[in-house]
Amino acid sequence: MPEVDYSEPVNLVCIDLSNPDLTATAAQVRKACLDSGFFYVVHHGIDQDILAEVFEQSRRLFALPDEEKMKLLRNENHRGYTPYQAESLNPSMQPEGDWKESYYIGPEASNVDQGKRFHGPNQWPSTELLPCWRETMEDYYEKVLNVGRRLIPLIALALNLDATYFNKPRMMDEPLAFIRLLHYPGKSSSSESGIIGASAHSDYGMLTLLATDGVQGLQICRNKDSWPQIWENVPPLKGAFVINIGDMLERWSNCLFRSTLHRVTINAQERYSVAFFLDPNVDCLVECLPSCCTETNPARFPPIRSGDYLQERIEMTYSSTH
């Protein structure tokens with residue numbers, strides 16, 4: 001598909017989570033979700049020192065020898081290491097796989113959770129190789145999950161729902177939430193040679209909270225049906241999370257909020273980022289929200305369990321490179 005790269009950065013809405021006026025903040029969130037599906041979040045409560053330590057520990061993990069990382073290969077519960085080119089987010093454009101390596105960390109399962117899909121113990125690197133690594137990631141997991149929980153009422157208000165709508169039992173009380181550490185090599189992107197950090201895709205789930213190391217690379221295509229595709233740079237904003245909505249929220253909102261196509265290009269500089277995927281309970285029934293359908297605008301999608309939807313999308317992503 002033809003592409004056009006804009007050199008000008010996209011101008012994203014910036015949400016201040018310390019603002020006590022939830023109505024005004026939700027109106028900004030709605031504007032962002034109707035326009036680009038992306039926005040910044042500042043004053044989120046996570047100190048820069050904590051984020052810096054997360055990035056340092058991420059670098060140490062990816063610097064390990066390949067044989068050590070492969071001992072922690074991603075398992076059936078979606079936890080662990082994914083090597084370069086193990087997945088392709090856009091198989092038609094990147095059939096040999098994306099140029100990134102990653103590491104998934106999910107909720108640490110209790111005895112009650114054992115056997116549930118996407119639930120299980122995490123894989124942790126040896127403390128001899130990476131002391132304090134587990135503690136750093138567990139601490140960050142709880143802190144970024146708290147940021148996500150503060151965003152959910154704003155999403156509800158932005159959809160003209162009550163702020164507590166997603167607090168209903170079996171919706172978001174046991175969310176599927178995963179950290180994904182990402183490392184892109186110091187190569188140069190080229191669509192002709194198939195070197196793209198993360199090929200064009202939209203995220204599967206509800207919300208993604210992204211922390212970056214300040215290296216440029218993220219691009220969005222606001223109209224995924226456009227021809228040619230027009231790509232705009234998302235500049236890093238120091239201290240901010242980049243938030244985007246995913247396909248599940250698009251489905252839930254009956255396409256009112258549209259998930260946005262995005263990709264990561266790479267250059268001669270290494271790039272690290274930390275994504276946090278926040279999704280509903282595995283057994284949450286995702287069906288058209290009451291504020292998003294009418295007699296003249298009926299539901300476009302049948303109801304589906306969150307876990308079923310995510311399983312289907314994950315299998316498509318990883319089967320495409322084998």
*Among Phe301, Tyr165, Phe166, which residue meets the ring-ring contact (aromatic ring centres under 6.0 Å, His included) test with Trp252?*
Phe166
Do [X] and [Y] get their side chains close enough for a donor-acceptor pair, meaning under 3.5 Å?
| X | Y | result |
| --- | --- | --- |
| Arg79 | Asn122 | yes |
| Arg263 | Gln219 | yes |
| Tyr309 | Arg305 | no |
| His262 | Asp203 | yes |

Say whether, by atom type as modelled, one donor and one acceptor occur between the side chain of [X] and the main chain of [Y] under 3.5 angstrom.
| X | Y | value |
| --- | --- | --- |
| Asn75 | His78 | yes |
| Arg222 | Ser36 | no |
| Thr136 | Val54 | no |
| Thr294 | Asn297 | yes |
| Asn19 | Asp21 | yes |
| Asn254 | Arg300 | yes |

Are side-chain heavy atoms of [X] and [Y] found at a separation under 4.5 Å?
| X | Y | result |
| --- | --- | --- |
| His119 | Asn77 | no |
| Pro83 | Glu101 | no |
| Glu270 | Tyr184 | no |
| Tyr140 | Ile46 | yes |
| Tyr81 | Phe62 | yes |
| Leu12 | Val234 | yes |
| Thr260 | Phe38 | yes |
| Arg251 | Glu287 | no |

*Face-on cation placement of Arg180 at Tyr103 ring, 6.0 Å and 45° thresholds*: no
*How are the rings of Trp124 and Trp133 set relative to one another: parallel (under 30°), tilted (30 to 60°) or perpendicular (over 60°)?*
perpendicular
*Under 30°, 30 to 60°, or over 60°: which ring-plane class applies to Phe178 and Phe118, parallel, tilted or perpendicular?*
perpendicular
*Mind checking whether Phe276 and Tyr141 have ring centres under 6.0 Å apart?*
yes
*Does the salt bridge (charged side-chain N to carboxylate O under 4.0 Å, His left out) test come out yes or no for Arg134 and Glu138, once each step is laid out?*
CA-CA 6 Å; Arg134 175 174 180 171; Glu138 288 186 324; 3.1 Å; yes
_Rounded at 0.5 Å granularity, tell me how far OG in Ser259 sits from CE in Met248._
11.5 Å
